[in-house]
Protein chains: 2
Amino acid sequence: MTQIKQQVTDDSYCNVIPLTLTTLKTACSQCNLRELCLPFGLSEEEIHKLDSLIGVRRRIKRGQGLYRSGEGFEAIYAIRSGFFKTDVLLEDGRDQVTGFQMTGEILGMDGISGETHTCNAVALEDSEVCVIPFADLEGLSRNVQTLQRHFHKVMSREIVRDHGVMMLLGTMRAEERLAAFLLNLSQRFTARGYSAAEFHLRMTREEIGSYLGLKLETVSRAFSHFQEVGYISVQQKHIHILDNHGLKKLISHQHG
Amino acid sequence: MTQIKQQVTDDSYCNVIPLTLTTLKTACSQCNLRELCLPFGLSEEEIHKLDSLIGVRRRIKRGQGLYRSGEGFEAIYAIRSGFFKTDVLLEDGRDQVTGFQMTGEILGMDGISGETHTCNAVALEDSEVCVIPFADLEGLSRNVQTLQRHFHKVMSREIVRDHGVMMLLGTMRAEERLAAFLLNLSQRFTARGYSAAEFHLRMTREEIGSYLGLKLETVSRAFSHFQEVGYISVQQKHIHILDNHGLKKLISHQHG
DNA sequence: GTCAGGCGTTGACACAGATCAAACAGCAAG
DNA sequence: CTTGCTGTTTGATCTGTGTCAACGCCTGAC
């Protein structure tokens, strides 16, 4: 099973690079994601400086990789559209989804420390990213204090997010984890102008399970149970949150 | 139980600040932790610039807090000596140890994103830290490229470390987690010139359990079992690793 | 259209680790 | 020395989630 999955990833990966490089200039100054992404808080003039830095966009088809563990690190990526997962693979076949990333979020910061990527980033739907050469970003942020500050915040936010996942994996039971996951997605969709109550999951039950430290069957059962008690309605990957408060109560409730 | 613990933390915390501020100048240039800490890779001249930035050291007694969730963020801290844990507390009383930090490591980067600390840092033994005002660090790293690069690596390393913990919590069983934990400690002690095989745990079984997503009884049983099969010998907090390879095999072994 | 294969659901059962409980070791205070 | 408290060990039992298995539903390929 793991073998097959690995193979698929390999194949799809090799096809990506030549197809997805474009010479299209990306202008942060004209991007409506400004408020979510790196340019947040920059002045018009500063954003124009940032424009010059972002050389290319890359299109990634569903199932294809953006970068991959072991690969040399050169750039971070801002998601212009689409949806990604990142995962870590151990030699013995174990793999753990470390995050799901959506529009406006930054990918690739794991690679800075060792100048090598330490996880795989895979598109869960056809996506487009802005390639931000890291050396250039460091250069510009030495001149633009606001950019420097904002980039540090983005990295720090990633650390805080990871602590949240550790809390989830370390102290929550299956249904609490799933509830936390759904509420987190809902909130992030809201921030992007989508419905908070209704959305489409881009990932499989197995990927959710891997992220939450559960087996896919457990995820499926939890979905069914949430539906039974009226918290949500589920049809395949389509989720409708009916009782936001119920889900929240589930999480904050002591289990003892 | 949780109540009591909270109380103790509160009390001890309040006493800290007036006692621990000192005006002693800390010189990175004369610090033998240079190769582990922020100054890594800097030239003599650059290190002298760093000297001017680090205003004070702070002494933290065992059990006292260095900073605490909700508190305003102003500085990060380099551990000069001692041992810390960081933990996150949920309103409902659940708490999760998010990490253990030792000499030469950097604390407080969680606070950058929201300009507020999001976890508590508590000394597990009498410790001393260098206070690095964050605004100053950003200022200097705009001028010293090596410092900027190194600081980014330190933050990124934290992200990678967190992914490792997520892998541990998401895919490993109890004994694998403890084995990974011991090997990680051993490796970090080695890097600091201490014995790889013999060391003293500064944290309780409960704190280990919280970090590893296990109950203290499970941690205790795993220790006992490791001793039975000859991987380690344990006497209270004193650990002696007898079969490093055995522990490694345990982790890389598929569980299925 | 039909067919195949991946994905999701559900059930029965097993087991790792949680929970409850008791006793002990180490250490500080008196 | 005794007392008390915190942390640790160990045992017995319980339970949430994993595992194994069967089946059904989409979706995409042809």
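Chain naming here is simple, since letters A, B, ... match the order of the sequence lines and numbering starts at 1 in each. Computed from a predicted model, the values in this text were never measured in an experiment.
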- Roughly how far, to the nearest 0.5 Å, is the CG atom of B/L107 from the CD atom of B/E158? 8.5 Å

- Would you please name every residue forming a ring pair (Phe, Tyr, Trp, His ring centres under 6.0 Å) with A/F83, sequence neighbours left out? none

- Message: So for the helix from C/dG1-D/dC30 to C/dG30-D/dC1, with five pairs setting each end axis, what is the inter-axis angle to 10°?
- Response: 40°

- Message: The test is ring-ring contact (aromatic ring centres under 6.0 Å, His included); show your working for B/F100 and B/Y211 and say whether it passes.
- Response: CA-CA 9 Å; B/F100 297 107; B/Y211 181 60; 5.2 Å; yes

- Check the distance between D/dT6's P and B/E207's CD and give it to me in whole angstrom. 14 Å

- Item | Derivation of the side-chain contact (heavy atoms from CB on, under 4.5 Å) call for B/F189 and B/S195 | CA-CA 7 Å; B/F189 280 125; B/S195 165; over 6 Å; no

- Could I get the full list of side-chain contact (heavy atoms from CB on, under 4.5 Å) partners for B/Q236, not counting sequence neighbours? none

- A/I208 CD1 - C/dG8 C1' separation (whole Å): 11 Å

- Item | Length of the NE2-C1' vector between A/H200 and C/dG8, whole Å | 14 Å

- Can you name the side-chain contact (heavy atoms from CB on, under 4.5 Å) partners of B/A174, sequence neighbours left out? B/L214, B/T218

- Task: Provide, to the nearest angstrom, the distance between the CD atom belonging to A/E206 and the P atom belonging to D/dT19.
- Result: 12 Å

- Task: Figure out the CZ/C1' separation between B/R205 and C/dA25, and round it to whole Å.
- Result: 12 Å

- Query: Is a donor-acceptor pair below 3.5 Å formed from side chain B/E217 to base C/dC20, judging by atom type as modelled?
  - Reply: yes

- Message: Quick check on contacts: within residues 226-243 of chain A, what sits under 4.0 Å from DNA chain C by heavy-atom distance?
- Response: A/Q236, A/K237

- Query: A/T204 side chain: which of C/dC7, D/dT10, C/dT9 is closest?
  - Reply: C/dC7

- Query: Would you say D/dT10 has OP1 or OP2 under 4.0 Å from some side-chain N or O of B/S220?
  - Reply: no

- A/F223 CZ - C/dC7 P separation (whole Å): 15 Å

Tabulated below should be each protein N or O lying under 3.5 Å from an N or O of nucleotides 15-17 of chain C; please produce it.
from: C/dG17; atom 1: OP1; to: B/A174; atom 2: N; distance (Å): 2.6

Shorter than 3.5 Å, N or O on both sides, protein versus nucleotides 12-15 of chain D: list them out with atom names.
from: D/dA12; atom 1: N6; to: B/R221; atom 2: NH2; distance (Å): 3.4

- Main-chain N/O of B/V219 paired to B/R205 side chain as donor or acceptor, under 3.5 Å: no

- Distance in angstrom units between B/L216 CG and D/dG7 C1', rounded: 8 Å

- Message: Applying side-chain contact (heavy atoms from CB on, under 4.5 Å), can you list everything that pairs with A/S220, at least two apart in sequence or on another chain?
- Response: none

- Message: Quick check: do B/Q64 and B/V122 have side-chain heavy atoms less than 4.5 Å from each other?
- Response: no

- Item | Residues which pass ring pair (Phe, Tyr, Trp, His ring centres under 6.0 Å) with B/Y77, listed by chain and number, not counting sequence neighbours | B/Y67

- Can you sort out the partners of B/E198 under salt bridge (Lys or Arg N to Asp or Glu O under 4.0 Å), two or more places apart, ordered by chain and number? none

- For the pair A/D110 (side chain) and B/V160 (backbone), establish whether a donor and an acceptor sit closer than 3.5 Å, ignoring hydrogens and angles. no

- Task: For B/R192, enumerate each residue passing the side chain to side chain donor-acceptor pair (under 3.5 Å) test, keeping only those at least two apart in sequence or located in another chain.
- Result: B/E105

- Note on the structure: Residues at least two apart in sequence or cross-chain that pass side-chain contact (heavy atoms from CB on, under 4.5 Å) with B/S233, listed by chain then number, are B/Q227, B/H240, B/L242

